[in-house]
**Student:** 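Below you'll find the structure I mean.
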Amino acid sequence: MRDVKSGCTRVLVCAGTCCVSGKAFVIIENFEKELAAAGILDIKVVKTGCFGLCSEGPIVLTQPDDYFYAKVSPQDVKEIVEEHFMQGRPVQRLLYKDASNGEALSLLEADFYKKQHKVALARCGVIDPEKIDDFIEQDGFKALEKALLTMTPGQVVEEIKNSGLRGRGGAGFPSGKKWEFTKNAAGEKKYVVCNGDEGDPGAFMDESILEGDPLSVVEAMAIAGYAIGANEGYIYVRAEYPLAIHRLKIALAQAKERGFLGKNILNSGFDFELSIRYGAGAFVCGEETALISSIEGRKGTPQLRPPYPAVKGLFGCPTLINNVETYANIGKIIMMGAEWFKAMGTAGSPGTKVFALAGNVKNIGLVEVPMGITLREIVYDIGQGIPDGRSFKAAQTGGPSGGCIPIEYIDTPIDYESLGEIGSMMGSGGLIVMDDSKCMVGIAKFFMQFMVEESCGKCAPCRLGLVRIYEALARITDGNGTMEDLQELEELAEMVSSLSFCALGQSAPNPLKTTLRYFKDEYLAHINEKRCPAGECEKLLNYEITSLCIGCRKCLKACPAAAIIGKVKEQHVIDKTKCIKCGACIESCAVKAIIRA
């Protein structure tokens with residue numbers, strides 16, 4: 001064995017979907033090859049789930065010497081092995097550095113992690129999700145053992161009730177009450193279901209948990225089965241999550257092989273089986289009654305409630321449904337106790353929440369923070385602010401059914417009640433940051449188009465009302481809007497919210513409502529002035545050549561519509577009757593003399 005001068009015994013390589021797209025599997029393979037070639041046999045290469053800081057991936061972490069390598073490529077591996085492991089000299093150019101002073105930081109020293117508190121994500125980025133021994137070494141299945149061998153089903157339910165845990169998939173219904181309703185429902189056969197149908201644009205919270213710590217969900221569902229009297233469960237996962245599905249299959253097989261699923265678990269007399277079912281990409285299947293229909297092999301459309309699934313759900317039997325993140329909290333609550341969980345967050349919203357932080361923010365990734373943290377702290381402390389010198393304009397929480405929060409509410413605490421008061425919602429945890437270049441009318445139109453496409457069409461308010469809303473928004477962004485359109489939008493938003501059959505339709509107008517409430521001046525500018533203040537709506541743009549023009553004729557040659565006129569070394573002009581607003585002139589201008597007005 002060659003002399004190893006670093007203090008590293010483990011190399012953790014992020015192998016979540018984001019980093020896999022950056023060739024994480026090749027990086028892992030190269031580390032194994034280079035270490036073997038160097039005769040270094042005592043350093044273990046570990047394939048982990050998501051570290052969270054996706055904008056810096058692929059990420060490599062060495063332990064216990066704690067060096068944090070960012071944006072690693074397969075070609076960098078040989079240098080890391082030769083320099084870091086053999087010479088004791090970390091590769092400086094690859095180390096994650098403080099943006100303000102260029103100082104290399106360890107993982108936990110990075111601003112992105114300082115205000116985070118990991119509960120649901122505690123093992124993500126720490127263990128190999130495909131090795132059950134790694135999970136067990138990190139206290140895996142201890143909660144199941146405690147529940148089965150030292151607690152009655154009623155005591156388990158009371159612990160979840162006392163914790164104040166609220167469902168992390170949308171409306172925030174108290175999880176313990178849902179468990180209690182299902183436990184007390186009449187019926188010999190009951191089911192436990194995991195809702196992994198994460199359909200929000202930009203959301204990847206549940207996906208990352210299933211990729212990085214699938215056994216936490218398996219353990220929690222077994223605990224839930226014991227608590228409510230169910231011996232069978234289903235994990236419903238989007239078919240678009242192949243890596244999560246792959247690791248779930250491995251997790252189920254290993255859990256069954258080790259006796260944590262199947263007959264007489266831990267010699268307790270309790271039997272529990274789990275199966276996977278795939279979603280086909282329908283956003284509406286995130287609604288629990290539509291999800292049940294899909295598992296049963298029927299079209300995924302919402303069903304009338306009551307009765308609720310806790311009373312009559314899957315195959316007509318009482319059914320407990322929680323989402324992935326909710327289950328990921330269960331093991332810790334059983335092990336640490338309800339009071340431990342309630343010490344985090346707020347009185348009405350205890351614990352932590354996982355967010356997929358995306359959009360116009362420097363640090364994009366997966367974050368887990370205590371409830372009650374402010375939007376400002378997430379955007380500026382964890383996310384490190386808005387890139388390219390631009391300013392914050394709005395943030396949308398709760399996915400396409402959530403509201404757009406303006407800068408005047410940036411200090412709003414992130415909890416269920418506070419978000420509801422300003423017209424937004426927690427949802428499953430999507431958080432999209434928008435800078436001042438974004439047109440809020442266009443944002444409303446984007447989400448409305450998504451909802452039109454995803455509506456199941458079962459009820460007229462959603463099926464027809466959303467289309468009418470989208471058409472009015474399209475007229476406004478095309479420069480053909482009227483004040484009558486604005487009035488119609490306000491009326492339609494209320495009608496769809498109050499009359500739609502399910503939560504999808506009822507919440508679908510939220511982006512429209514909040515943009516009308518907080519950004520009405522932009523609607524008026526589009527309608528009355530035929531102008532998009534943000535300069536995003538293509539049909540409302542006007543291109544102008546300013547006095548900075550040097551008459552180089554590059555824009556004239558680039559224009560496909562022959563709309564630019566001018567002589568050499570003289571300021572050119574644009575013939576507005578010919579301009580097709582393609583932007584070719586701006587891209588070709590070396591002196592930035594052309595602007596969108």
Side-chain angles (χ1 to χ4, degrees), residues 166-175 177-178 181-182 191 193-201 203 206 234 236 238 277 279-316 318-323 326 397-403 416 419-420 423-430 447-470 492-514:
R166 299 174 67 167
R168 297 305 197 240
F173 188 83
S175 300
K177 287 187 178 180
K178 186 182 283 191
F181 293 155
T182 317
Y191 292 96
V193 172
C194 175
N195 184 348
D197 191 64
E198 186 175 51
D200 296 2
D206 291 352
Y234 292 90
Y236 188 87
R238 297 178 70 80
R277 292 294 182 269
F283 179 71
V284 73
C285 285
E287 196 276 338
E288 57 185 18
T289 62
L291 182 148
I292 287 171
S293 296
S294 181
I295 293 178
E296 291 175 345
R298 297 182 288 116
K299 182 180 179 181
T301 56
Q303 306 302 310
L304 186 65
R305 299 184 303 178
Y308 290 91
V311 176
K312 185 179 180 182
L314 189 62
F315 305 118
T319 302
L320 173 68
I321 304 178
N322 288 129
N323 85 321
T326 307
T397 62
S401 300
Y416 291 97
L419 290 177
S424 192
M425 60 188 293
M426 186 76 71
S428 59
F447 285 112
M448 200 52 57
Q449 181 180 18
F450 176 85
M451 290 306 224
V452 167
E453 293 173 351
E454 293 297 334
S455 172
C456 72
K458 183 170 185 174
C459 67
C462 187
R463 181 179 70 248
L464 303 177
L466 295 182
V467 173
R468 289 284 297 277
I469 290 174
Y470 173 76
L492 284 169
E494 292 305 321
M495 182 272 290
V496 173
S497 294
S498 60
L499 299 179
S500 289
F501 185 80
C502 79
L504 183 146
Q506 293 163 11
S507 59
N510 283 344
L512 171 64
K513 286 182 175 182
T514 49

**Student:** Partners of Y191 by side chain to side chain donor-acceptor pair (under 3.5 Å), sequence neighbours excluded?
**Tutor:** none
**Student:** Measuring from N510:CG to M451:CE, what's the distance to the nearest 0.5 Å?
**Tutor:**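 Reported value, rounded in 0.5 Å steps: 8.5 Å.
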**Student:** What donor-acceptor contacts under 3.5 angstrom involve side-chain atoms of residues 496-508, with partners at least two apart or in another chain?
**Tutor:**
{"residue": "S497", "atom": "OG", "partner": "A493", "partner atom": "O", "Å": "2.9"}
{"residue": "S497", "atom": "OG", "partner": "Q506", "partner atom": "O", "Å": "3.3"}
{"residue": "S497", "atom": "OG", "partner": "K513", "partner atom": "NZ", "Å": "3.0"}
{"residue": "S498", "atom": "OG", "partner": "E494", "partner atom": "O", "Å": "2.9"}
{"residue": "S498", "atom": "OG", "partner": "M495", "partner atom": "O", "Å": "3.3"}
{"residue": "S500", "atom": "OG", "partner": "V496", "partner atom": "O", "Å": "2.8"}
{"residue": "Q506", "atom": "NE2", "partner": "S500", "partner atom": "O", "Å": "3.1"}
{"residue": "S507", "atom": "OG", "partner": "S401", "partner atom": "OG", "Å": "3.1"}
{"residue": "S507", "atom": "OG", "partner": "A503", "partner atom": "O", "Å": "2.6"}

**Student:** What pairs with T326 under side chain to side chain donor-acceptor pair (under 3.5 Å), at least two apart in sequence or on another chain?
**Tutor:**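 T326: side chain to side chain donor-acceptor pair (under 3.5 Å) contacts with N323.
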**Student:** Minimum heavy-atom separation for G167 and Y416, please, with both atom names.
**Tutor:**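 Closest approach of G167 to Y416: O-OH, 3.0 Å.
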**Student:** To the nearest 0.5 angstrom, please state how far the CG atom of L419 sits from the OG1 atom of T397.
**Tutor:** 4.5 Å
**Student:** Got a sec, which pairs hit salt bridge (charged side-chain N to carboxylate O under 4.0 Å, His left out) with one end in residues 454-470, sequence neighbours left out?
**Tutor:**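 Matches after skipping sequence neighbours: R468-E488.
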**Student:** Could you pull out all residues at least two apart from R166 that satisfy side chain to side chain donor-acceptor pair (under 3.5 Å)?
**Tutor:**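 Scan of R166 (side chain to side chain donor-acceptor pair (under 3.5 Å), adjacent residues dropped) gives E417.
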**Student:** Between M448 and L466, what is the shortest heavy-atom contact and its length?
**Tutor:** SD-CD2, 3.6 Å
**Student:** Can you give the donor-acceptor pairs under 3.5 Å from side chains of residues 300-315 to other protein atoms, not counting sequence neighbours?
**Tutor:**
{"residue": "Q303", "atom": "NE2", "partner": "S293", "partner atom": "OG", "Å": "3.3"}
{"residue": "Q303", "atom": "NE2", "partner": "T301", "partner atom": "O", "Å": "2.8"}
{"residue": "R305", "atom": "NH1", "partner": "E288", "partner atom": "OE2", "Å": "2.9"}

**Student:** Please name all residues satisfying salt bridge (charged side-chain N to carboxylate O under 4.0 Å, His left out) with D197, sequence neighbours left out, ordered by chain then number.
**Tutor:** R238
**Student:** Tell me every residue that passes side chain to side chain donor-acceptor pair (under 3.5 Å) with N322, counting only those two or more places apart in sequence or in another chain.
**Tutor:** W179
**Student:** If you compare all heavy atoms of G279 against all heavy atoms of Y236, which two are closest, and at what distance to 0.1 Å?
**Tutor:** CA-OH, 3.2 Å
**Student:** Please round to the nearest 0.5 Å and tell me the distance separating atom SG of C459 and atom CG of L464.
**Tutor:**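 Answer for the SG-CG pair, C459 versus L464, is 9.0 Å.
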**Student:** Kindly write out the residues that satisfy ring-ring contact (aromatic ring centres under 6.0 Å, His included) with F283, not counting sequence neighbours, or none if the list is empty.
**Tutor:**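 Result, ring-ring contact (aromatic ring centres under 6.0 Å, His included) vs F283: F450.
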**Student:** I321 and K178: which non-hydrogen atoms are nearest, and at how many Å?
**Tutor:** O-NZ, 3.0 Å
